[in-house]
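Only one structure is covered here, and it is reproduced in the block below.
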Amino acid sequence: MRTDREHADAQDAMDELRAWHDRFVLPHDVTGRELVYLCGHSLGAQPVLAAEYVEEVMRDWRSLAVDGHFEATHPWTTYHERFAPALARLVGASPNEVVAMNSLTANLHLMLVSFYRPTGSRTALLIEKHAFPSDRYAAESQVRCHGLDPARDLIEISPRDGEDLLRTEDVLALLDREGHRIATIVLPGVQYLTGQVLDLRSITAAGRDAGCRVGWNLAHSIGNVEVDLHAAGADFAVWCHYKYLNGGPGAVGGAFVHERHARDATLPRFAGWWGHDKATRFLMGPNFEPIPGAEGWQLSNPPMLAMAPLAASLEHFDAVGLPALRRKSVALTGYMEGLIRCRLDGRVRIVTPAQPAARGAALSLRLVASRDRARSAFDGLRRRGIVADWREPDIVRAAPVPFYNRFIDVWRFVDALCAEIDDMGR
Ligand SMILES: Cc1ncc(COP(=O)(O)O)c(C=O)c1O
């Protein structure tokens with residue numbers, strides 16, 4: 001493989017999506033030089049169009065005040081509805097199965113209230129051992145809320161000793177063994193620390209065969225890899241919009257509820273007026289009648305200023321389409337992997353799976369050095385204009401995002417990593 005800088009430039013010149021880079025605002029250093037931003041797996045870059053859409057809400061608020069709810073350019077009472085078709089395409093659902101609302105952890109709780117109903121001997125909640133802390137806190141607190149003991153009823157599946165990645169066969173074997181006592185499964189579509197894509201289809205099928213409810217956390221999947229929630233038969237899913245969806249810091253989250261639950265009046269849920277039937281919501285009656293579908297889980301009238309940037313980003317996703325983005329993503333990440341293997345073999349270990357289908361944009365790396373030296377090499381990257389991230393205890397994550405990253409960004413990252421690791425050895 002060619003490792004020279006000119007090759008990176010040549011690939012950028014051939015990239016059909018290269019013009020999209022300029023539709024995003026990338027951070028700069030104090031000298032005005034654009035940083036190599038490889039942190040879209042944490043906080044996506046700002047679409048240029050986002051400021052216009054936020055200003056549209058500000059303007060309507062100034063000129064219309066309360067009338068903006070019905071008369072704004074995009075009326076606020078129905079603002080979130082315009083997201084549903086695009087979100088549905090991203091997660092493989094129909095529009096009435098998805099909704100943008102609340103935040104990820106809040107949505108996980110709302111979903112678990114409805115879909116984690118321990119009964120009889122089926123009382124356990126299955127998550128992964130290395131779940132994102134918020135997911136674990138949510139799961140454990142849900143188990144406790146039912147008066148159960150997490151030591152028994154929170155099952156955490158982990159990779160085998162000495163391995164970093166979960167094996168599908170191990171998840172399936174656990175479901176075979178323990179499925180009869182598992183009420184609900186919540187697993188990540190893409191694992192946040194390793195970047196591993198889990199086999200959503202087989203795990204969902206096995207979970208449902210075992211009589212469990214199956215939910216997915218798509219925080220690191222949506223806008224990154226193709227997902228087909230409806231066809232897989234998942235019961236529910238949750239995600240955030242601030243990573244690959246570029247919705248801005250603390251952007252509203254999202255949720256999916258499979259349509260077989262859309263009209264199930266027996267499902268318990270925590271209700272709020274925004275989930276109430278739209279035709280009668282403003283009659284202000286005392287009895288809750290849920291909107292059929294995912295919208296029925298909404299609680300409050302949505303935060304318009306936090307929704308507006310997402311409108312911009314989803315327009316971009318619709319314009320390009322996930323398949324084209326994914327094609328470039330596979331090429332970018334493959335290029336990063338190839339450069340690391342050629343230039344840093346034996347000094348950096350790639351934790352993320354090697355098969356493109358088993359990973360998204362991000363690679364998780366372990367620098368083969370003591371933790372302190374690895375940490376200081378990571379800090380050095382920042383001084384060289386690279387924005388990646390560090391996840392305890394010893395992982396560097398870097399995600400080239402197809403919308404705004406270029407092959408030259410990947411080249412600069414690996415070149416800077418080589419320089420830091422060379423310095424570490426001196
Ligand atoms: C996998 C995962 N779960 C949960 C969260 C928490 O999200 P929020 O703060 O939006 O609830 C994050 C945030 O990065 C995440 O990556």
Side-chain angles (χ1 to χ4, degrees), residues 38-45 83 87 90-91 98-113 116 125-142 154 156-159 164-166 184-198 200 203 214-225 227 229 234 236-256 270 297-300 302-303 306-307 309-310 313 351-352 359-364 387-392 395-399 401:
L38 297 175
C39 250
H41 58 280
S42 181
L43 179 68
F83 299 155
L87 288 177
L90 289 175
V91 298
V98 296
V99 63
M101 62 178 187
N102 312 316
S103 60
L104 193 166
T105 307
N107 289 340
L108 180 56
H109 276 298
L110 293 178
M111 292 297 117
L112 288 174
V113 162
Y116 174 51
L125 179 55
L126 170 67
I127 61 169
E128 41 140 4
K129 176 88 183 159
H130 303 292
F132 190 88
S134 197
D135 299 337
R136 193 185 185 288
Y137 306 153
E140 184 182 335
S141 60
Q142 287 279 339
L154 187 64
E156 298 171 85
I157 182 160
S158 58
D164 290 307
L165 305 172
L166 271 175
T184 305
I185 300 167
V186 181
L187 288 171
V190 174
Q191 214 281 342
Y192 87 101
L193 202 53
T194 64
Q196 178 186 13
V197 172
L198 265 63
L200 188 147
I203 295 172
V214 185
W216 292 91
N217 181 337
L218 300 184
H220 292 262
S221 312
I222 187 165
N224 180 21
V225 296
V227 181
L229 285 172
F236 66 93
V238 293
W239 57 86
C240 56
H241 290 123
Y242 41 74
K243 300 179 188 295
Y244 296 96
L245 261 287
N246 314 306
V252 286
F256 160 92
F270 285 170
W297 272 264
Q298 294 173 104
L299 297 178
S300 306
M307 304 281 260
L310 186 56
S313 179
V351 173
T352 311
R359 69 184 181 204
L363 288 187
S364 300
V387 186
D389 73 7
W390 174 270
R391 276 286 172 270
E392 295 294 345
I395 298 265
V396 174
R397 298 185 306 177
V401 171

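Both counts, for ligands and for their atoms, begin at 1 and track the order of listing.
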(request) Report the distance from atom CD1 of Ile395 to atom CG of Leu363, rounding to the nearest 0.5 Å. (result) 11.0 Å
(request) Quick one: look up the protein heavy atom nearest atom 11 (O) of ligand 1 and list residue, atom name and how far away it is. (result) Thr105 OG1, 2.5 Å
(message) Counting non-hydrogen protein atoms only, what is the nearest one to atom 8 (P) of ligand 1? Give residue, atom name and distance.
(response) Tyr242 OH, 3.2 Å
(request) Identify the protein heavy atom lying closest to atom 4 (C) of ligand 1, giving its residue, its atom name and the separation to 0.1 Å. (result) Asp135 OD1, 3.3 Å
(request) Indicate whether the side chain of Asp389 and that of His41 have a donor and an acceptor atom separated by less than 3.5 Å. (result) yes
(request) State whether the side chain of Ser103 and the backbone N or O of Gly253 hold a donor-acceptor pair below 3.5 Å, judged by distance alone. (result) no
(request) Return the orientation label for the Tyr192 and Phe132 ring planes: parallel under 30°, perpendicular over 60°, tilted otherwise. (result) perpendicular
(message) Check whether Gln196 reaches the backbone of Leu166 with its side chain - one donor and one acceptor, N or O, closer than 3.5 Å.
(response) yes
(request) Could you tell me the residue and atom name of the protein heavy atom closest to atom 16 (O) of ligand 1, and the distance to it rounded to 0.1 Å? (result) His220 NE2, 3.0 Å
(request) Using a strict 4.0 Å cut-off to heavy atoms of Asn217, name the atoms of ligand 1 that fall inside it. (result) 1 (C), 2 (C), 3 (N)
(message) How far is atom 14 (O) of ligand 1 from the closest protein heavy atom, and which atom is that?
(response) Lys243 NZ, 2.8 Å
